[in-house]
Amino acid sequence: MLNNEVLSAICRTFLHSIWQGVVAAAIAGAVLAFTRHSSARKRYNLLGAILLISLAATGTTLYIELQTAGATAPAPEATADIAAPAPIAAQTYWDVLVNYLNTHAPFIMLVWSIVFLFKCFRMGFGFYHIYYIRHHKTSEPDQNWSERLQLLAKQLGIPKAVKLVESALVQVPLTTGFIRPCIFVPVGLLTQLPADQVEAILLHELAHIRRRDYLVNIIQSFAESIFFFNPALLWISARLREEREACCDDVAVAHTPHTSSYLHALVSFASQSPAGRLEMALSKKRNFLLNRVKRMLTRENQQLTLMEKSILFIGVIVISAFTMIPAPVDQNEPLTPPAENFIVYIPATTRTQPSPLIAKDTVVPDRQQATNYSFQYDTSIN
């Protein structure tokens, strides 16, 4: 249903999104480096703004590319003059890559569509998983805990009713739903852990509900499905998820009388399995969970690793090389000589089989100095 010009425009947009993502990742890295002692909320807002600006830049690029593709159709000339092709400039690696994308746009978009549909299928399976755990092997917790949850929700300023459910299908506490939020806890958690630790865990999950993280997480997952090929944007998105958990940690600690209660609760889940991508869970992986504990103890945010710094630096260098360094020229390829302004007269009697004649007193420029051709029909020559 899409013509080749539109497919080429989309491919070029995806290509531009890569260098735009590298620039955004470099800025995000600088933000993380200079906000080492800032609050998690500030870092989260800054990273979120960078990600949104990157997506907006990609959307603007797509609009420009589509407009350019629509304007490439040649318009009929009002005169008999024939404009010669523009001079061939030296191509960079970027130009070579753009030409390749324009040539193979249908195949590239086919591959992208297959991977994108697979990502969407995984998201759909995640929604089905949420539906399944909502309706299978669940039980109502003790009434005291349900009432306590509502009091904690009011304490955080959550106007919605939040449901608490014990599930045999989850290993760590997690939150699902936006309109009707629900917190799932493993069976036996409410009785095995001390009450203060359970409250701290519930406060963390309620913080996700107050911040509407479940809805944001779905939108973020969809954006990751579109730009699955863009490592820079995926890295920013991953760091955004980490800062999101840190924000909820800060909310839980701020409303917990004893910080040690929440820290002990986190450590107790350090060996648990990670949760799904669409659920807002207490923990994902062990190292990340322990880093969160370290952050709350030292009051210092996690910095970029040496590998992250190296990858960002190499990414900037590679993008610069692609856009600035000229590509090698094939010596066997014939050169198309440009020309300066001169007129070639074509007799009217031979238009069907033109035999160009150069007008008298016309000086043909040297091949290397030529810049432009202009052809005209001379009806006076018989």
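All values derive from a computational prediction rather than experimental measurement.
Between Leu32 and Leu47 the shortest side-chain heavy-atom distance falls below 4.5 Å. With a 4.5 Å cut-off on side-chain heavy atoms, Thr256 and Val253 do not count as touching. Side-chain contact between Leu169 and Phe184 is absent, with no heavy atoms from C-beta onward closer than 4.5 Å. Taking the side chain as every heavy atom from C-beta outward, Glu166 and Trp145 never approach each other to under 4.5 Å. With a 4.5 Å cut-off on side-chain heavy atoms, Leu66 and Val6 count as touching. No side-chain heavy atom of Arg134 sits less than 4.5 Å from a side-chain heavy atom of Thr138. Two residues are said to be in side-chain contact when any heavy atoms from C-beta on lie closer than 4.5 Å; Cys248 and Asp213 meet this criterion. Annotation: side chain of Ile209 is not in contact with side chain of Leu156 (no heavy-atom distance under 4.5 Å).
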Cut-off 3.5 Å, no hydrogens considered: what does the side-chain donor-acceptor table look like for residues 48-60, sequence neighbours left out?
| residue | atom | partner | partner atom | Å |
| --- | --- | --- | --- | --- |
| Ser54 | OG | Ile50 | O | 2.9 |
| Thr58 | OG1 | Ser54 | O | 3.0 |
| Thr60 | OG1 | Ala56 | O | 3.0 |

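Partners of Arg210 under the side-chain hydrogen bond (donor to acceptor under 3.5 Å, both in side chains) rule, at least two apart in sequence or in another chain, do not exist in this structure. Under the side-chain hydrogen bond (donor to acceptor under 3.5 Å, both in side chains) criterion, Asp196 pairs with Ser261, not counting sequence neighbours. Tyr131 meets the ring-ring contact (aromatic ring centres under 6.0 Å, His included) test with His135; sequence neighbours excluded. Shown here are the ring-ring contact (aromatic ring centres under 6.0 Å, His included) partners of Tyr63, two or more places apart in sequence or in another chain: there are none. For Phe118, the ring-ring contact (aromatic ring centres under 6.0 Å, His included) test picks out no residue, with sequence neighbours left out. Asn45 pairs by the side-chain hydrogen bond (donor to acceptor under 3.5 Å, both in side chains) definition with nothing, not counting sequence neighbours. Evaluation of the salt bridge (Lys or Arg N to Asp or Glu O under 4.0 Å) rule for Arg36 yields Glu300 as partners, not counting sequence neighbours. With sequence neighbours left out, the ring-ring contact (aromatic ring centres under 6.0 Å, His included) criterion links Phe14 to Trp112, Phe229.
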- request: Take Arg244 and His208 through the test side-chain contact (heavy atoms from CB on, under 4.5 Å) and record every step on the way to the result.
  value: CA-CA 9 Å; Arg244 176 187 300 151; His208 281 303; 4.2 Å; yes
message: Please determine whether side-chain contact (heavy atoms from CB on, under 4.5 Å) holds for the pair Arg241 and Asn217, giving the CA-CA distance in whole Å, both sets of side-chain angles, and the decisive distance to 0.1 Å.
response: CA-CA 8 Å; Arg241 294 179 189 277; Asn217 192 43; 2.2 Å; yes
task: For the pair Leu206 and Leu149, evaluate side-chain contact (heavy atoms from CB on, under 4.5 Å) and give the outcome as yes or no after the intermediate values.
output: CA-CA 9 Å; Leu206 288 172; Leu149 178 66; 3.8 Å; yes
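Of the inter-residue distances, the one linking Tyr44 atom OH with Arg239 atom CZ reads 14.5 Å to the nearest 0.5 angstrom. With rounding to the nearest 0.5 Å, the separation of CG in Asn102 from CD in Glu5 is 9.5 Å. Rounded to the nearest 0.5 Å, atoms OG (Ser17) and CD1 (Ile10) are 12.0 Å apart. Note: Leu263 CG to Gln197 CD = 9.5 Å, rounded to the nearest 0.5 Å. In this structure, Ser167 OG and Ile183 CD1 are separated by 13.5 Å, a value rounded to the nearest 0.5 Å. Distance check, rounded to the nearest 0.5 Å: NZ of Lys42 to SG of Cys247 gives 13.0 Å.
Hydrophobic clustering keeps Phe116 apart from Leu234 (ILVMFWY residues linked when any side-chain heavy atoms are closer than 4.5 Å, directly or through intermediates). Both Trp19 and Leu15 sit in one connected hydrophobic cluster of ILVMFWY residues. Membership requires side-chain heavy atoms under 4.5 Å apart, directly or through other members. No path of Ile, Leu, Val, Met, Phe, Trp and Tyr side chains, each step under 4.5 Å between heavy atoms, connects Val187 with Val198, placing them in separate hydrophobic clusters. Using a 4.5 Å cut-off between side-chain heavy atoms of Ile, Leu, Val, Met, Phe, Trp and Tyr, with links allowed through other members, Phe227 and Val115 fall into the same hydrophobic cluster.
Minimum heavy-atom separation, Leu62 to Ala9: CD1-O, 4.5 Å. In terms of heavy atoms, Cys11 sits closest to Ile108 at SG-CG2, 4.0 Å. Heavy-atom minimum distance, Val170 versus Leu174: CG1-CD2, 3.7 Å. In plain terms, the two heavy atoms of Pro141 and Leu164 that are nearest each other are CD-O, 3.2 Å. For Gly188 against Thr191, the heavy-atom pair with the smallest separation is O-OG1, 3.0 Å. For the residue pair Pro106 and Leu7, the shortest heavy atom distance occurs at CA-CD1, 4.0 Å.
The number of heavy-atom neighbours closer than 6.0 Å to CZ of Arg41, taken from other residues, nucleotides and ligands shown, is 12 or below. Surrounding CG of Leu151 are more than 12 heavy atoms belonging to other residues, nucleotides or ligands, all under 6.0 Å away.
Side chain of Arg43 to backbone of Glu243: no donor-acceptor contact under 3.5 angstrom is found. Here the side chain of Asp250 pairs no donor or acceptor atom with the backbone of Ser39 at under 3.5 angstrom. His204 places no side-chain N or O within donor-acceptor distance of the main-chain N or O of Ala200, the cut-off being under 3.5 Å. Counting only distance, with no hydrogens or angles, the side chain of Gln150 and the backbone of Val162 share a donor-acceptor pair below 3.5 Å.
Side-chain contacts under 4.5 Å among hydrophobic residues (ILVMFWY), followed directly or transitively, place Leu110 together with Ile114. Cluster partners of Phe107, using a side-chain heavy-atom cutoff of under 4.5 Å among ILVMFWY residues and allowing indirect links, are Val111.
No hydrogens or angles considered: a donor-acceptor pair under 3.5 Å links the side chains of Glu224 and Ser237.
Between Tyr128 and Tyr132, the ring-plane angle classifies as tilted under the 30° and 60° cut-offs.
Among residue pairs with one or both ends in residues 144-162, those qualifying as salt bridge (Lys or Arg N to Asp or Glu O under 4.0 Å) are Arg148-Glu199; sequence neighbours excluded.
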